[in-house]
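Here the structure is laid out as structure tokens; the discussion comes afterwards.
Please read all numbers here as calculations on a predicted model, not as lab measurements. The basis for the numbers below is simple: all heavy atoms, side chains too, and nothing from hydrogens, waters or symmetry mates.
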Amino acid sequence: MRDVLYLEEIEQAEALLKPQRVEVLRQLAEPRTCSEVAERLGQTPQRVYYHVKRLVEAGLVDLVSERKVRGIHEGIYQAGARSYWLSPRLVGRIGLRKARDELSLGYLLDLMEEVQSDIAALDRSAPELPSIGLSGEIRVRPEQRQEFLNDLQTMLQGLFTRYGGAEGDAFKLAVACYPNTTTATEPPADPTDEPSIPPDPPDEPGVPDRPRTRQRRK
């Protein structure tokens with residue numbers, strides 16, 4: 001383990017923006033598994049593994065060894081340094097990069113993975129698990145996208161302001177918006193159009209037409 005790790009890449013700096021990851025790094029000052037860190041922090045191993053995975057990808061945590069427990073390989077991780085210094089050239093860029101990434105597909109995938117991890121960590125034996133899921137389709141013209149984003153941010157800011165106090169149960173709110181590729185692009189049929197009548201099938205080749213006969217009344 002190094003004494004100091006200088007963060008030269010913006011991805012490394014942004015990996016430390018979440019307070020939960022700072023706590024994970026503190027626990028990994030000594031080699032530990034995700035289960036051991038989870039027990040110390042009072043979290044689930046799945047939740048801790050999510051943060052450790054991001055820290056490993058950013059080069060802030062190392063996989064130092066593995067052990068086999070009841071037939072399952074469990075990784076042992078350790079922080080890459082005792083302290084971290086942010087490069088001066090990154091100051092002022094993190095906020096801009098973060099705002100841009102929030103509109104990217106990569107951030108959306110990370111958000112969905114985080115939601116899945118949170119749901120998997122819920123206690124299914126609890127007597128009550130209040131939750132809600134909404135899905136729908138909207139249509140926005142290219143020139144209206146910025147207006148739509150402004151309206152969405154204003155609405156969310158109002159919710160966070162109204163329900164952002166310290167009292168009450170804590171809930172997570174995640175919002176995702178992406179292109180709908182399953183919607184048919186063909187225009188709907190005009191109801192005034194008359195259905196076309198298929199032509200009569202052609203006569204079979206080699207079979208002469210039968211003469212028509214008229215029955216006489218007796």
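Counting only heavy atoms from C-beta outward, the side chains of Arg67 and His73 never approach each other to under 4.5 Å. The closest side-chain heavy-atom distance from Asp151 to Glu147 is below 4.5 Å. For the pair Ile76/Arg32, no side-chain contact is recorded, criterion being any heavy-atom separation below 4.5 Å from C-beta on. You'll find the side chain of Asp123 stays beyond 4.5 Å of the side chain of Leu129, heavy atoms only. Side-chain contact between Tyr50 and Gln46 is absent, with no heavy-atom pair separated by less than 4.5 Å. Counting heavy atoms from C-beta outward, Val37 and Tyr77 have side chains that stay 4.5 Å or more apart.
Remark: side-chain polar atoms of Glu36 are paired, donor with acceptor, to backbone N or O of Thr33 under 3.5 angstrom. Formation of a donor-acceptor pair under 3.5 Å by the Arg21 side chain with backbone atoms of Val52 is not found in this model. In terms of modelled atom types and a separation under 3.5 Å, the side chain of Glu66 and the main chain of Glu74 share no donor-acceptor contact.
Considering all non-hydrogen atoms of both residues, Val64 and Pro31 come closest at CG2-CB, 4.3 Å. Closest non-hydrogen pair, Phe171 versus Pro130, comes out as CE2-O, 3.4 Å. Considering all non-hydrogen atoms of both residues, Ala38 and Pro45 come closest at CB-N, 3.6 Å. Considering every non-hydrogen atom in both Leu55 and Ala15, the closest pair reads CD2-O, 4.1 Å. Nearest heavy atom pair, residue Leu25 against residue Val61, reads CD2-CG2, 3.5 Å. Closest heavy-atom contact between Gly75 and Leu63: CA-CD1, 3.7 Å.
Using modelled atom types and a 3.5 Å distance limit, the side chains of Gln78 and Asp62 yield no donor-acceptor pair.
Going from atom CZ of Arg40 over to atom CG of Leu28 covers 10.5 Å, rounded to the nearest 0.5 Å. Interatomic distance, Gln144 CD to Leu149 CG, rounded to the nearest 0.5 Å: 11.5 Å. A distance of 10.5 Å separates OH in Tyr49 from OG in Ser117, rounded to the nearest 0.5 Å.
A salt bridge between Glu143 and Arg145 is absent, with no side-chain N of the basic residue lying under 4.0 Å from a carboxylate O of the acidic one. Looking at Arg47 and Glu114, a side-chain N of the basic residue comes within less than 4.0 Å of a carboxylate O on the acidic one, giving a salt bridge. A salt bridge is absent between Glu30 and Arg82: the closest approach of a Lys/Arg side-chain nitrogen to an acidic carboxylate oxygen does not fall below 4.0 angstrom.
Other residues, nucleotides and ligands contribute only 12 or fewer heavy atoms inside 6.0 Å of the NZ atom of Lys68. Environment of CD in Gln43: crowded, with over 12 heavy atoms of neighbouring residues, nucleotides or ligands closer than 6.0 Å.
Criterion: ILVMFWY side-chain heavy atoms under 4.5 Å apart, direct or through other members. Under it, Leu60 and Val22 are not part of a common hydrophobic cluster.
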